[in-house]
Structures are given as C-alpha cells and as structure tokens.
Amino acid sequence: MSDYESKIQRLIGRWEGKKAEEAEVIEQHKRKAERDGLRQTQTHTNPNASVETFRENLDTPVVDKCDVLIVGGGPAGISAALAAARTSTKESPIDVLILERFGCFGGVITTVGMETLGWYRYEGCTVDSEGIGKELERVSKRMGGSDRKWAFNDSECLDTENFKFIADTLLTESGCRTLLHTAFVDAIMDPEDPNKLIGVAVENKSGRGIIKASRVVDCSGDADVAARAGSRFTKLNRKDAMGLTTVFNVVGVKKDDFLKHIEEKPATYTDWSKTWQQDTTGKEDDLKSPYMQDEFEELNSSKKEKKEPISFGGSWSALTEKGEATNLNLVHLKGFDPLNAQDLTKAEIMGRKGVMEAVAALKKTVPGFDDIKLRNVAMTMGIRDSRKIIGKYNLTGRDVASQAKFEDTIGVFPEFIDGYNILILPTTGRFFEIPLRCLQPDTDNLFVAGRCCAGDMVSHAAMRNMMACTVTGQGAGVAAAISFRNKELGSKVNIKDVQAELVRQEVNIHGYVGAGAEWASGMASGIKSKI
Ligand SMILES: Cc1cc2nc3c(=O)[nH]c(=O)nc-3n(C[C@H](O)[C@H](O)[C@H](O)COP(=O)(O)OP(=O)(O)OC[C@H]3O[C@@H](n4cnc5c(N)ncnc54)[C@H](O)[C@@H]3O)c2cc1C
C-alpha cells in the first residue's frame, strides 16, 4: 500500500468508527418504529390489485399504469427515466413514467439552486462515468444553460432556472411520460407476495390514485418508496446528520471589486476547517476555494451567543457578467430532521430569516457586494442526509478510497469524499466502481438510486454528489427496464444484460477512457438530432 493509500485509510478509519455504530442503533430502532407504524396503517390490496382500500376505507382508483415508474425527478430520477426510456426499442417497447412532487424536474439543481453537478474537477481528475451526468452538462451548454465554470477549476456551472426547461426537453423527447405536482404517498405490495412492489399510491390535485407499475425506481432522495414498502434503511440522528442549507442568489455584485477582494484575501480548503473539523489528505489544503467565512464573524458570534442552530459561511460559486452571484451556499442549519414536517417548517423559516441576515452582512463586509439585492431564495430547503437503504451490498468508505472493483459495476465515480468531516478531492485520477447491489433494497422489483443508495457514512459523502447520483440513476433505470424486458424479478436481473445496455448507452462501467470520452461532441443518439 502506498503512503497516500495508507493515509486515506487512516483518515477514514478515524471517522467511520463510533459514530457509525451509534447511528446504526438509532436506525434499527427507527426502522422498527416505522415498520410498526406501517403495519398499523398498511394499505390492503384487493385480490386483483386493481382497486385499493385505504385506511379511510375509500376506494382508490387506478389512475395510470406503466412498465417502469420513476419516483422523484432530481439528478438520479432524470437519469433513471432517460436511461429506461432509451432501453426501450420498437420491437420491445417499455412504457416509462416519471413523477415529481414539485412543478419542475431537477431536484436539488432547480429547487435548491445548486449548479455544479461535479464541482470536484480540479486538475488531475481524469475519469468520469461519462453517461447521462456528463450529457446533462453538455446539453445544458448547447442549449445556453451553462456558460460559466466553478471558480478556480474546470467544473461546469448550470443555469439552474434554464435547467428546468432542459430537463423538460430531455425527458419529453426521450419518449418517457411525465407527471408533475404528484407526490408518492404509499407503496402497493403484491397481495400474494408482501415483499414485491406492484405499484404506488399518489396524491395530487386530481385526488388520490394508484399507479400500477411493473418496476419502480425510488429517486426521492429520502428513500420514501423503500421505507413505505418496508425495506430496511439507516438514518443518522439529528446531531450527526449533515446540516440543511438555504441557498440564495443576489444581483448587483460589482464583479471587479469582488474579484480584487478575493485576490487579496484568497481562500483555500484549509479555511474550511476554521469553523468545522475537516480532515484532508494534505494535497487539498492549498487549493484555491471560493469560500467566505471571516465576512460573517459578527453574525456567527451573535448566533452562537443566542445558541441558535444556524451558522453562516461557505461557498460562492460563479459570478455572471450581469453581476449575479448565484448558488450562495452560506446559510446552514443543524439539528433538524428532514423527515419531520415540523422540523422542516422551522428550518425553512429560520433559513429564510438567515438569508436576510446574510445579505445584510454581505452588504456590510464584502467589497463589491455593498449594493446587492436579494434575487431569489431557494424554493425549498437543501437536504443532504436522510434515509439510506440497506442494500444487497452496502458500499463503504474503504471501497471509495481503495479503487474498489465489482463484478456488477454499473459505472464509476472519482475518489471524491465530501462530508462527515472528510474532504478528499479527486486530484489523483483514482476512481471506484459502483455495484448494482447497492441499489437493490429488500423489496423486490424496486431499485433505489441517488443519495439514498446503500452505504456507510463515508461512502455517502461520495455517493450523494450529483454526478454520482446520475450514475446510480442511469444504472437503476437500465436495470429496471432490462428486468422488465427479460421478465425477471428486479432482484434477479441479469447483470450482464444491464452492463451491455449501459455500455451501449456509452457509460464507462469500468472507468476505461473509451468510446464514452469521445462522445464529447454529442449526446445520446435519440436526441442529438433534435437539439
Ligand atoms: C445545499 C446543498 C448543496 C449541495 N452542493 C452540491 C454540489 O455543489 N455538487 C454536488 O454534486 N452535490 C451537491 N449537493 C448534493 C446533491 O445536490 C444531492 O445529494 C443530490 O441532488 C441528490 O440527488 P437525488 O436525485 O438523489 O435527490 P434530489 O436532488 O433531492 O431529488 C429528489 C427529487 O424527488 C422529489 N421527491 C421527494 N420525495 C418525493 C415524493 N414523496 N413524491 C414525489 N417526488 C418526491 C423531490 O422533490 C426531488 O425533486 C448539495 C446538496 C445540498 C442540499
């Protein structure tokens, strides 16, 4: 083992121990409570499962049916839907439907305003999965939805408003069907086999209805479908879970003044450790980072004094020529449970107040920001951490940091760990493979992709990143579609067929730089001609 490898193994070892054990106990307990709750309120299906009697004893109509249903339209959901739709052929059509509770697709990109699918691309980061994630960046660029880079490195910044339209375009042109303003509320299990999912219950302005689905991909971020279906999951307590953030944008920045200030007072990743404990491998420390902290000193100490669970400081992303500073990731809340509606309400209200305070502080302390105006507050709180399923395989931090290889790989992700006190930037070209098994929960015919896929804390700090979510989304979408086509249970899907289809979709499943990298000019053949 090289010095570098032993260093990162030691680093991970320091953080994966006790906390994870405590977390496990809480998670098991929660799971039991959730399952008991589920038992009391569990839906009852009639024998042919066409109509379901709910706890209110109302007959619920079947409003739709499809072959592959994607729940949630974030980076994972969009990728899953596109991948499943692209698996469909004339000879063997697959009907794909994606539903989303809000009025737009994009998840954290559009509803929180996070513009970097891969902010980790410092020099030396050489391998990506190349699949739909990269395509989203390329299409955005082509459609005028990405004209900036993350400050100090080569990562594309998406225009998050524009991305709403880009996601609509990609999804509708792929042939998959779309349903917005529709929340998943319950899982419908096979009356013959309570472990097998056969559809979902949804609620929207039209009422409550059932969507029958042969395969479901849970891309809700919170593993809502898996939890409702009774699959096991883990979840950290309020204290240990990553914090929530209210993101905002401002206009009126005098760019030159601000850049001069940044030049005079440059920040690096060492600065991140001023307010929270952060371990790096050392090579990250001197890299430039778009980070602000000292600017909020007064505000932070007043909050600390009042013991308010809010703190200020973090990254800005890119500045436009029009004086916009977008993706301001500066207002953080700790100790709230994102699966508790009352906590979410308190956090939203405290976060928005925090944004007003942050704007006032920026005006006062940051050169070039003296005349800014608040342009927008994210339409919803940014959530990093809630349920993670217990999968057929649970990815570990050591897998991420040991260039792990798996027979059932569905794609790769660079060695990038960001969270739970660890920051490793992928400047060495190292990467790991992602196994399909970490998308397979206890429930059959269900796949889970995105930030809620199976793994420990440290691996979550890698897999939660949007580019990784697109890898699991694409893998899950293809696996769902192939298992439907092959008439195999989701749990028994033929991995070779899944991998063959992923390769056909130009995914770099083993990380070699092959056809995928040459794909730069293009996008998936189905949409290439239309944009
Ligand atoms: C403040 C913040 C900053 C971040 N910064 C970065 C960054 O710079 N780069 C990066 O790569 N990652 C970043 N992340 C992490 C990353 O954005 C998320 O982990 C990632 O978006 C998760 O993708 P996902 O598709 O799994 O879930 P999400 O993006 O959360 O999408 C889930 C979708 O499912 C929908 N949904 C949820 N429940 C239901 C339901 N019951 N019914 C119907 N629809 C439902 C949601 O509305 C949402 O659209 C950040 C996260 C936060 C919160």
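Quick note: numbers below take in every heavy atom, side chains included, and nothing from hydrogens, waters or symmetry partners. Order of listing sets the numbers, starting from 1, for every ligand and every atom in it. What you are looking at is a predicted structure, and each value in this text was computed from that prediction instead of being measured.
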(message) Going by salt bridge (charged side-chain N to carboxylate O under 4.0 Å, His left out), Lys235 matches just one of Asp222, Asp337, Asp240. Which one?
(response) Asp337
(message) Classify the ring geometry of Tyr269 against Trp119: parallel below 30°, tilted from 30° to 60°, perpendicular beyond 60°.
(response) parallel
Could you verify whether a donor N or O on one side chain and an acceptor N or O on the other, from [X] and [Y], lie under 3.5 Å apart?
{"X": "Ser317", "Y": "Glu115", "value": "yes"}
{"X": "Lys283", "Y": "Thr427", "value": "yes"}
{"X": "Thr443", "Y": "Ser231", "value": "yes"}

Mark up the atoms of ligand 1 that fall under 4.0 Å of a heavy atom belonging to [X], in ascending order.
{"X": "Leu117", "result": "11 (O)"}
{"X": "Cys219", "result": "32 (C), 33 (C), 34 (O)"}
{"X": "Arg464", "result": "14 (N), 15 (C), 16 (C), 18 (C), 19 (O), 20 (C)"}
{"X": "Phe102", "result": "47 (O)"}
{"X": "Gly450", "result": "26 (O)"}
{"X": "Ala183", "result": "42 (N), 43 (C)"}
{"X": "Ala76", "result": "25 (O)"}
{"X": "Gly107", "result": "29 (O), 31 (O), 48 (C), 49 (O)"}

Is the [X] to [Y] ring centre distance short of 6.0 Å?
{"X": "Phe258", "Y": "Phe369", "result": "yes"}
{"X": "Tyr291", "Y": "Phe152", "result": "no"}
{"X": "Tyr122", "Y": "Trp150", "result": "no"}

Is there a polar contact between ligand 1 and [X], counting only N or O atoms under 3.5 Å apart?
{"X": "Arg451", "value": "yes"}
{"X": "Val108", "value": "yes"}
{"X": "Met466", "value": "yes"}
{"X": "Arg101", "value": "yes"}

(request) Using modelled atom types only, decide if a donor and an acceptor are shared between the side chain of Thr160 and the backbone of Thr110 within a distance under 3.5 Å. (result) no
(message) When you measure from the side chain of Arg464 to the backbone of Asp418, do you find a donor-acceptor pair of N or O atoms at a distance under 3.5 Å?
(response)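 Flag set: sc Arg464 to bb Asp418 pair under 3.5 Å.
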(request) Could you give me the CA-CA distance, side-chain angles and deciding distance for Met463 and Arg451, then say whether side chain to side chain contact (heavy atoms under 4.5 Å, CB included) is met? (result) CA-CA 6 Å; Met463 298 305 295; Arg451 74 168 157 84; over 6 Å; no
(message) Return the OG1 to CG distance between Thr409 and Leu436, rounded to the nearest 0.5 Å.
(response)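 Taking OG1 in Thr409 and CG in Leu436, the distance rounds to 9.5 Å.
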(request) Output the distance between atom OG (Ser315) and atom CG (Asn329), rounded to the nearest 0.5 Å. (result)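 One finds 4.0 Å between OG of Ser315 and CG of Asn329.
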Write out the residue and atom name of the closest protein heavy atom to [atom], then the distance separating them to 0.1 Å.
{"atom": "atom 6 (C) of ligand 1", "value": "Met114 CE, 4.1 Å"}
{"atom": "atom 35 (C) of ligand 1", "value": "Glu100 OE1, 3.2 Å"}
{"atom": "atom 34 (O) of ligand 1", "value": "Gly72 CA, 3.2 Å"}
{"atom": "atom 8 (O) of ligand 1", "value": "Thr116 OG1, 2.9 Å"}
{"atom": "atom 22 (C) of ligand 1", "value": "Cys469 SG, 3.6 Å"}
{"atom": "atom 27 (O) of ligand 1", "value": "Gly221 CA, 4.0 Å"}
{"atom": "atom 1 (C) of ligand 1", "value": "Arg384 NH2, 3.4 Å"}
{"atom": "atom 38 (N) of ligand 1", "value": "Asp224 OD2, 3.5 Å"}

(message) Does Met356 have more than 12 heavy atoms from other residues, nucleotides or ligands lying within 6.0 Å of its CE?
(response)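 No, not enclosed.
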(message) Are more than 12 heavy atoms, taken from residues, nucleotides or ligands other than Arg238, located less than 6.0 Å from that residue's CZ atom?
(response)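 Enclosed: over 12 neighbouring heavy atoms sit under 6.0 Å from CZ of Arg238.
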Report the part of [X] in contact with ligand 1, treating N, CA, C, O as backbone and CB onward as side chain, heavy atoms under 4.0 Å; options are side chain, backbone, both, neither.
{"X": "Thr380", "answer": "neither"}
{"X": "Phe184", "answer": "both"}
{"X": "Thr182", "answer": "backbone"}
{"X": "Ser220", "answer": "both"}
{"X": "Thr245", "answer": "side chain"}

(request) Under the side chain to side chain contact (heavy atoms under 4.5 Å, CB included) rule, what do Leu236 and Met242 come out as? Steps first, then yes or no, please. (result) CA-CA 9 Å; Leu236 292 179; Met242 289 184 198; over 6 Å; no
(request) Check whether any heavy atom of Ile383 sits under 4.0 Å from an atom of ligand 1. (result) yes
(message) My understanding is that we take every heavy atom of each candidate and find the minimum distance to atom 7 (C) of ligand 1. Doing that for Trp119, Trp150, Phe416, Tyr120, which one comes out nearest?
(response) Trp119
